[in-house]
S.K.: 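My questions will all concern the structure given below.
All values below were derived from every heavy atom in this structure, side-chain atoms included, with hydrogens, water molecules and symmetry-related copies excluded. We're numbering straight along the sequence, starting at 1. Values in this document were obtained by computation on a predicted structure and should not be read as measured data.
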Amino acid sequence: MENHQENSFWKFGLFYYNKRDKRLFPPKRFGLGWTINFANPFSIIASLLIIILIFLISRRFAK
């Protein structure tokens with residue numbers, strides 16, 4: 001597997017985009033945590049589902 005920290009895989013230095021990397025959420029370039037592989041359509045869908053779930057849960061407990 002290629003090194004995910006290569007500059008060619010980072011658009012504007014912020015967005016990870018690597019079609020050959022099958023991971024939905026690869027490690028961040030710097031620090032701890034994960035980022036989104038914008039080249040993988042499933043990672044975008046998974047991210048949207050997580051955001052919607054957080055929104056629905058927050059609305060439920062806001063009442």
S.K.: Rounded to the nearest 0.5 Å, how far does OH of Y17 lie from CD1 of I36?
M.R.: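 If I round to the nearest 0.5 Å, the distance is 14.0 Å.
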S.K.: Would you compute the distance between atom CZ of F9 and atom CG of N37 and round it to the nearest 0.5 angstrom?
M.R.: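 Going from CZ on F9 over to CG on N37, the span is 10.0 Å.
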S.K.: Heavy atoms only: give me the nearest L24-S43 pair and the separation to one decimal.
M.R.: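 Closest pair (atom of L24, atom of S43, distance): O-CB, 3.2 Å.
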S.K.: Atom CZ of R20 and atom CG of N40: how far apart are they, to the nearest 0.5 Å?
M.R.: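 Result: 14.5 Å between the selected atoms.
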S.K.: Would you say F42 and F38 are hydrophobically clustered, going by side-chain heavy atoms of ILVMFWY under 4.5 Å?
M.R.: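 Looking at the clustering, F38 is in the same group as F42.
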S.K.: Could you give the distance from OG1 (T35) to CZ (R29), rounded to the nearest 0.5 Å?
M.R.: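 Reported to 0.5 Å precision, the distance equals 10.5 Å.
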S.K.: Is it true that W34 and L48 fall in one hydrophobic cluster, defined by side-chain heavy atoms closer than 4.5 Å?
M.R.: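 The answer is yes; both residues are in one hydrophobic cluster.
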S.K.: Between Y16 and W10, is the ring centroid distance below 6.0 Å?
M.R.: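 When the ring centroids of Y16 and W10 are compared, they turn out to be within the sub-6.0 Å range.
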S.K.: Check whether I51 and I54 end up in the same hydrophobic cluster, where Ile, Leu, Val, Met, Phe, Trp and Tyr are linked by side-chain heavy atoms less than 4.5 Å apart.
M.R.: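 Different clusters: I51 never reaches I54 through Ile, Leu, Val, Met, Phe, Trp or Tyr contacts under 4.5 Å.
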S.K.: Decide whether I44 and F12 are clustered together by the hydrophobic rule: side chain heavy atoms of Ile, Leu, Val, Met, Phe, Trp, Tyr closer than 4.5 Å, transitively.
M.R.: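 Yes, I44 connects to F12 through the hydrophobic network.
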